[in-house]
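I have placed the structure first, in the form of structure tokens, so that the comments after it can refer back to it.
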Amino acid sequence: MSDRRETLRSGQGEITMSPETRAALRAGRPLKKKHFVEYVDHEAKASGLTGIDDAIRRARDDAPPVSYREMRVRLLLTQLNGK
Amino acid sequence: MASRHRSLQAAFSEFTEELNAVLRSTITTVPVIAEPVFDQGVRSFSFGADGYAELRAERFGKLWLFLGQVCDSSVEHGVHTLHTRSYSYGIGPAGQPKPTIRWDYEREWPPGKCFCRHHFQGSPEIGLGTDSFELDEFHTPTGYVAVEDIIRFCIDDLGVPSASGGWHKILQDSYRGFRSKMLSHDGV
């Protein structure tokens, strides 16, 4: 894994989620769109991308995923198609 | 995999429980889990935030496997039938996160794209006539690829040991259940 991801996973990087999104995730119910977007942004950063916009751009460009983590992020993004 | 229920959640829960039973009986004890969703009418699973199950193949050593699907349902007389909205499966060598081979499907074409929605891609280079191409450049067509097909490929082609000697029948039975009870909106 990249050094960047390790840093992010250690909690010392810029990767954060709001308390509201964390609470919504813990509740296990479908998220509001803003919380879902924040979650996908978080997971995109954890995968080594710069965030959800980077993930959307790479998916739109049909760029080969660089990792299984990006494959997962791309699958999450398919929920947003047309939304 | 059975998937007709009075609610989407019940259909999805049964689907993932049956899938996990098949995985446990064959190639991995790592379960698929429900992923976060924002649409009430959608459910999704993968191996979760860690992202993969580690496999050991006779010939290829340690590998990782990614499995994920996004599902929704149609409702008739109050009964939900689960459908695949998208899937993504990938395999690569342990320690290298980039997938070597992968199978993808999206029901809706991405904006501006016209490629085969069920397709196979990967990083290997393939010679063709006077040139060569990387599998990732093209969307090599496939039919619908069920999770059972991926498990079968892992065992029979890659040489991943199965927890059960009866894996062929387990996969056959699971696939028959899937074919009879879960169709995509395209009539897979």
Side-chain angles (χ1 to χ4, degrees), chain A residues 1-6 8-9 15 17 20-49 52 55-83, chain B residues 8-9 33-53 64-72 84-92 95-100 102-113 115 119 121-123 134-139:
Chain A
M1 299 304 108
S2 69
D3 290 343
R4 175 177 165 73
R5 203 192 101 193
E6 290 302 321
L8 292 170
R9 289 187 75 189
I15 191 165
M17 272 193 295
E20 292 79 15
T21 298
R22 289 186 187 281
L25 283 165
R26 276 197 300 274
R29 292 188 297 271
L31 305 175
K32 291 180 179 171
K33 186 175 178 181
K34 68 174 183 177
H35 293 147
F36 183 78
V37 167
E38 188 183 348
Y39 174 73
V40 178
D41 184 59
H42 176 275
E43 294 302 294
K45 287 173 180 167
S47 77
L49 305 180
I52 188 170
I56 290 170
R57 181 188 55 76
R58 288 177 51 76
R60 193 180 55 223
D61 294 347
D62 203 26
V66 294
S67 67
Y68 46 80
R69 283 178 171 261
E70 188 180 359
M71 292 177 71
R72 175 170 172 266
V73 167
R74 208 167 279 189
L75 202 60
L76 290 167
L77 282 177
T78 66
Q79 293 189 43
L80 290 166
N81 288 352
K83 304 288 180 181
Chain B
L8 170 60
Q9 182 56 44
I33 60 171
E35 288 278 24
V37 295
F38 81 95
D39 184 334
Q40 297 281 354
V42 169
R43 294 293 182 272
S44 175
F45 71 77
S46 79
F47 284 125
D50 286 340
Y52 66 91
W64 58 260
L65 168 69
F66 174 85
L67 296 175
Q69 280 200 17
V70 177
C71 306
D72 52 20
T84 302
R85 182 187 278 200
S86 59
Y87 65 63
S88 187
Y89 315 129
I91 296 172
Q96 294 178 38
K98 185 175 168 65
T100 304
R102 58 196 169 88
W103 297 260
D104 292 305
Y105 164 68
E106 268 187 71
R107 186 191 301 153
E108 305 296 333
W109 276 279
K113 306 290 185 188
F115 52 66
H119 57 257
Q121 292 184 296
S123 54
E134 203 170 276
L135 266 177
D136 272 328
E137 289 180 56
F138 299 137
H139 303 81

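Below, chain A is the first sequence line, B the second, and so on; all start at residue 1. Just so you know, these numbers use all the heavy atoms, side chains as well, and skip hydrogens, waters and symmetry mates.
Contact of B:F115 with chain A is made through the side chain alone, with heavy-atom distances under 4.5 Å. Using a 4.5 Å cut-off between heavy atoms, A:L25 contacts chain B through its side chain alone, with no backbone atom that close. With a 4.5 Å cut-off on non-hydrogen atoms, A:R60 touches chain B through its backbone but not through its side chain. In this structure, the portion of B:E106 lying under 4.5 Å from any heavy atom of chain A is its side chain and not its backbone.
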**Request:** Would you please test B:E35 and A:Y39 for side-chain contact (heavy atoms from CB on, under 4.5 Å) and show each step?
**Result:** CA-CA 11 Å; B:E35 288 278 24; A:Y39 174 73; 4.0 Å; yes
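For the pair B:D104 and A:R74, the minimum side-chain heavy-atom distance is 4.5 Å or more. Using a 4.5 Å heavy-atom threshold, the side chains of A:P64 and B:K98 count as touching. With contacts defined as side-chain heavy-atom distances shorter than 4.5 Å, the pair B:R102/A:P65 qualifies. Annotation: side chain of B:P97 is not in contact with side chain of A:V66 (no heavy-atom distance under 4.5 Å).
With rounding to the nearest 0.5 Å, the separation of CZ in B:F45 from CG in A:L75 is 8.5 Å. Rounded to the nearest 0.5 Å, atoms CG (A:D62) and CD (B:E137) are 11.0 Å apart. For the atom pair OG of A:S67 and OH of B:Y52, the computed distance is 11.5 Å after rounding to the nearest 0.5 Å.
Counting non-hydrogen atoms of neighbouring residues, nucleotides and ligands closer than 6.0 angstrom, the NZ atom of A:K32 reaches no more than 12 such neighbours.
By the side-chain contact (heavy atoms from CB on, under 4.5 Å) test, B:E108 is found to be paired with no residue, residues two or more places apart in sequence or in another chain being considered. Taking B:V37 as the reference, A:P30, A:Q79, B:V42, B:R43, B:S44 meet the side-chain contact (heavy atoms from CB on, under 4.5 Å) condition, with sequence neighbours excluded.
Checked options B:F47, B:Y89, B:W64; the residue passing with A:Y68 is B:W64 (criterion: ring pair (Phe, Tyr, Trp, His ring centres under 6.0 Å)).
Ring orientation note: the planes of A:F36 and B:F38 are tilted relative to one another, at an angle of 30° to 60°.
Chain A forms the most heavy-atom pairs under 4.5 Å with one residue out of B:P110, B:P111, B:S123, B:P36, and that residue is B:P36.
When all heavy atoms are compared, the tightest approach of A:M71 to B:S88 is CE-OG, 3.2 Å.
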